[in-house]
Amino acid sequence: MNISALIAGLLSGIIGAMGLGGGAVLIIYLAVFTSTQQLAAQGINLIFFVPIGTLAVLIYAKQHQIRWQTVLPLACGGIIGAFIGIFLADFIGGQLTAKIFGGFLIILGIKEMLTVVKRK
């Protein structure tokens with residue numbers, strides 16, 4: 001068993017179940033440490049989160065932490081967006097997709113650092 005894969009999966013699962021985007025951890029692990037192509041890493045990430053997301057939804061639903069009237073419209077938009085994203089990612093290719101993903105992570109990190117500074 002690959003210990004680094006187990007740790008990456010564990011961290012991705014924890015962060016994903018918390019709703020914080022564990023896919024970032026998994027995609028970075030796959031792309032950097034296993035040399036997996038960006039589009040393949042994204043596909044693996046999506047398959048990985050089917051059981052993780054299902055389990056998290058069941059637990060959150062049991063604890064009455066889900067507002068279904070909010071979730072349903074978001075889910076409909078997400079499904080439509082997923083179809084668009086699949087074709088868009090295929091159209092622009094793995095190299096540009098990786099750069100967009102990296103840029104998004106940088107922007108999100110800067111935003112988070114500035115948000116923390118404002119709170120103090």
Side-chain angles (χ1 to χ4, degrees):
M1 178 184 292
N2 185 339
I3 297 297
S4 61
L6 181 64
I7 292 170
L10 179 66
L11 290 174
S12 295
I14 291 169
I15 294 169
M18 293 170 62
L20 300 174
V25 172
L26 189 60
I27 291 173
I28 291 169
Y29 167 76
L30 290 169
V32 174
F33 297 105
T34 68
S35 300
T36 302
Q37 294 294 321
Q38 181 72 24
L39 293 179
Q42 289 170 211
I44 292 167
N45 176 58
L46 293 172
I47 292 170
F48 174 82
F49 278 101
V50 169
I52 304 303
T54 301
L55 178 62
V57 166
L58 291 173
I59 292 170
Y60 280 104
K62 184 177 180 181
Q63 296 174 348
H64 304 287
Q65 296 294 320
I66 297 176
R67 289 185 285 168
W68 294 104
Q69 68 276 11
T70 303
V71 170
L72 296 178
L74 290 170
C76 290
I79 290 168
I80 294 166
F83 280 109
I84 295 169
I86 289 166
F87 292 110
L88 186 61
D90 192 41
F91 177 74
I92 64 176
Q95 293 289 336
L96 184 56
T97 303
K99 290 176 182 173
I100 292 169
F101 180 71
F104 174 73
L105 289 177
I106 290 169
I107 291 168
L108 186 61
I110 291 169
K111 180 187 175 294
E112 286 300 312
M113 287 190 321
L114 294 176
T115 301
V116 171
V117 171
K118 288 180 185 177
R119 291 180 187 160
K120 288 186 177 183

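In this text the structure is predicted, and so the values were computed from the model without any measurement.
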Undergrad: Identify the two heavy atoms, one from V57 and one from I66, that lie closest to each other, and give their separation to 0.1 Å.
TA: O-CD1, 3.7 Å
Undergrad: Can you give me the closest heavy-atom contact between F49 and N45, atom names plus distance?
TA: CE1-OD1, 2.8 Å
Undergrad: Please report the interatomic distance CD1(I15) to CG(L10), rounded to the nearest 0.5 Å.
TA: 9.5 Å
Undergrad: Quick check on the hydrophobic clustering: are V25 and I28 connected, directly or via other members, by side-chain heavy-atom contacts under 4.5 Å?
TA: no
Undergrad: With a 4.5 Å cut-off on side-chain heavy-atom distances among I, L, V, M, F, W and Y, is there a chain of contacts connecting I44 to V50?
TA: no
Undergrad: Over all heavy atoms of both residues, which pair between S12 and G22 is shortest? Give the atoms and the distance, please.
TA: OG-O, 3.3 Å
Undergrad: If two hydrophobic side chains count as joined below 4.5 Å and joins carry through other members, does L11 share a cluster with L26?
TA: no
Undergrad: Hey, are the side chains of I27 and Q38 touching, using non-hydrogen atoms and a 4.5 Å cut-off?
TA: yes
Undergrad: Hey, could you give me the CD/CD1 distance between E112 and I107, rounded to the nearest 0.5 Å?
TA: 13.0 Å
Undergrad: For residues I52 and L46: do they belong to one hydrophobic cluster (side chain heavy atoms under 4.5 Å, members Ile, Leu, Val, Met, Phe, Trp, Tyr)?
TA: no
Undergrad: Taking all non-hydrogen atoms of both residues into account, name the closest pair between F48 and G9 and its distance.
TA: CZ-O, 3.5 Å
Undergrad: Kindly give the heavy-atom pair with the smallest separation between A24 and L105, and that separation in Å.
TA: CB-CD2, 4.1 Å
Undergrad: Count I, L, V, M, F, W, Y as connected when their side-chain heavy atoms are under 4.5 Å apart, and connections chain through other members. Are L108 and I110 then in the same cluster?
TA: no
Undergrad: Measuring from L39:CG to Q95:CD, what's the distance to the nearest 0.5 Å?
TA: 9.5 Å
Undergrad: Report the distance from atom CG of L74 to atom CD of Q69, rounding to the nearest 0.5 Å.
TA: 10.5 Å
Undergrad: Heavy atoms only: give me the nearest Y29-A8 pair and the separation to one decimal.
TA: CG-CB, 3.5 Å
Undergrad: Could you measure the distance from the CD atom of Q42 to the CD1 atom of I86? Nearest 0.5 Å is fine.
TA: 10.5 Å
Undergrad: Walk me through it: do N2 and T34 pass the test side chain to side chain contact (heavy atoms under 4.5 Å, CB included)?
TA: CA-CA 11 Å; N2 185 339; T34 68; 5.7 Å; no
Undergrad: From F101 CZ over to I106 CD1, what is the distance, rounded to the nearest 0.5 angstrom?
TA: 11.0 Å
